[in-house]
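These notes concern the structure reproduced below.
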Amino acid sequence: MAENQGLTPRAQDFSAWYNEAIMRAELADYSPVRGCMVIRPNGYAIWELMQRALDDMFKATGHRNAYFPLFIPQSFLQKEAEHVEGFAPEVALVTHAGGKELEEPLVVRPTSETIIYDSFAKWIHSYRDLPLLINQWCNIVRWEMRTRLFLRTTEFLWQEGHTAHADEADAEAEVRRMLGVYRRFAEEWMAMPVITGVKTDSEKFAGALRTYAIEGLMQDNKSLQAGTSHALGQNFAKAFGVQFQTAAGGLDFVWSTSWGVSTRLIGGLIMTHGDDVGIICPPRLAPTQVVVVPIYKSDTEREAVLQVSDGVVQELRTAGVRVELDAREGMKPGAKYYEWEGRGVPLRLEIGPKDVAKGQVFAARRTGGKAPIPLEGLAVSVQHALAEIQRTLFDTARERRDAATRRDVSKDDLIAMMAGPGGFAYAGFCGDVACETAIKDATKATVRVIPDEEFRSPTPPARCVWCGRPATSEAVWAKAY
RNA sequence: CGGGGCGUGGCGCAGACCGGUAGCGCGCCUGGUUUGGGACCAGGAGGUCGCGGGUUCGAGUCCCGCCGCCCCGACCA
């Protein structure tokens with residue numbers, strides 16, 4: 001049958017594949033408003049699972065959720081110089097409402113630092129009020145020039161943590177802690193290996209002292225900034241007068257942090273695991289972890305097969321597995337397979353007359369391989385299989401990332417790499433923005449991070465890959481989303 | 001904003017160079033037969049051909065203008 005039902009192969013056109021994979025899985029749709037997207041139930045279900053996992057981690061680290069307004073007085077944004085400058089070009093402004101012009105235009109939040117610090121200034125009086133650990137789940141608007149489903153849309157959903165601390169060390173610990181949470185989420189839930197590190201000044205958040213990030217390498221060997229954690233110093237505290245009385249009786253400004261991940265993670269999930277058939281959901285984030293497809297000819301077969309299938313579904317559901325029974329009539333099993341594979345369901349159980357007779361189901365993994373599983377102890381076997389699939393996805397992704405990583409590259413290597421296969425290039429960096437710019441102009445690659453110790457090369461590079469002067473650090477270069 | 005591509009039933013496309021009854025595949029609806037990797041037969045529904053002008057007896061097709069979308073680049077999570 002129709003060969004035209006397949007997706008554009010990744011190797012042929014990764015962008016086309018990405019869009020088609022999203023459409024096939026019914027994760028999202030284009031909207032009537034340019035740059036915006038509709039997140040369909042299949043896509044939103046992934047987001048809900050991400051939210052739940054992350055929210056639990058935020059709560060476990062002492063954070064509480066709150067909600068701040070979508071509209072921010074324009075003047076607020078202007079109180080922090082770098083912040084305005086950074087966000088001004090992509091801000092949407094409400095100038096009219098209620099049928100008349102507003103006295104002061106309202107910014108549609110591109111991020112909530114300013115309006116949150118306005119509140120923090122009211123809430124924080126004493127060192128006893130610190131640390132203040134707040135998170136909010138909300139939507140954000142940034143008027144981007146060029147958009148891409150999930151990866152960069154005009155409006156997107158995210159989570160932004162905002163915390164205030166009595167001293168720099170405590171704030172720094174928070175910034176690192178939340179970067180660690182993001183890393184753990186990426187690795188353990190998304191099965192997406194990431195490197196962590198600090199951003200260069202040119203890549204850091206507008207208004208931050210330092211920005212830390214997790215970066216994953218996608219299948220086209222471009223890097224995706226998947227989460228950021230910012231040390232804001234006392235910049236916003238000073239701009240908004242967030243002061244507190246110290247234990248010693250003095251007055252000081254708080255040290256603050258902010259950190260966020262967004263629906264962009266869904267794009268990362270797609271580009272990390274998808275294959276030419278469609279997306280692949282890691283089991284822990286799969287809205288449907290298991291689909292049961294009954295197979296039969298006669299009515300008697302149908303009855304027996306459906307009875308076993310129902311029992312399987314019940315058993316798995318009771319065991320906490322997210323399972324669906326696809327008992328649609330008039331559709332060939334093969335057609336169902338393709339449909340669920342396109343949606344990324346990690347495990348499929350086929351149940352036919354032969355399986356019923358043998359007391360087994362036939363399990364097909366989205367990561368490859370088919371094998372019978374006995375009905376006896378099925379729930380445990382299925383959970384085992386899901387855990388293995390989760391691990392396989394992570395291992396495969398890490399091997400792919402490592403295979404696309406080169407260390408101690410020379411200037412010529414860097415140029416050749418970025419003109420060719422792409423990937424992560426580790427090399428010495430003098431720290432001069434001039435070299436950063438020159439490299440970007442010549443290769444399109446940017447410094448993704450100055451990697452944390454764990455990711456650094458055993459022998460630190462001695463010289464800058466570009467200018468040859470002594471290196472102040474090792475950096476990771478890649479083309480990025 | 002620059003470069004490239006594209007707008008024709010829900011989706012994918014043909015028709016355009018050379019103006020003359022709007023077509024194909026998939027999907028959808030009804031009935032029947034099917035069902036271990038994308039079923040088949042029969043019947044059926046569904047289109048302001050992106051929008052606005054113009055040329056013409058007649059425009060999906062030719063001319064002018066506009067709009068939108070996708071991809072690549074500059075800005076960004």
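To find a chain, count down the sequence lines: A is the first, B the second, and so on, and within it residues start at 1.
Summary of the strand contacts: A/S31 and A/I295 both lie near RNA chain B, and taking for each the nucleotide with the nearest heavy atom, the more 5' one is attributed to A/I295. The 5' end of RNA chain B is approached more closely, in terms of each residue's nearest nucleotide, by A/E339 than by the other of A/S15 and A/E339.
With both ends at atom C1', the span from B/U8 to B/G25 equals 15 Å, rounded to whole Å. B/G32 sits 32 Å from B/A22 when the C1' atoms are compared, rounded to a whole Å.
Residue A/K336 is classed as having no contact, given no heavy-atom separation below 4.0 Å to the nucleic acid. Among the protein residues, A/R148 comes within range of the sugar-phosphate backbone only, with heavy atoms under 4.0 Å from sugar or phosphate atoms but none that close to a base. Within 4.0 Å (heavy atoms only), A/L151 reaches at least one base atom of the nucleic acid.
With both pairing distances under 3.5 Å, B/G46 is matched to nothing as a Watson-Crick or G-U wobble pair.
Listed pair A/R34 / B/C69 meets the phosphate criterion, a side-chain N or O lying under 4.0 Å from OP1 or OP2.
Stacking here means ring centres nearer than 5.5 Å and ring planes tilted less than 30 degrees, and by that measure A/Y337 does not stack onto B/G37.
The nearest whole Å value for the distance from the CG atom in A/L349 to the P atom in B/G36 is 18 Å.
Applying the 3.5 Å distance criterion, the base of B/G37 shares a donor-acceptor pair with the side chain of A/K370.
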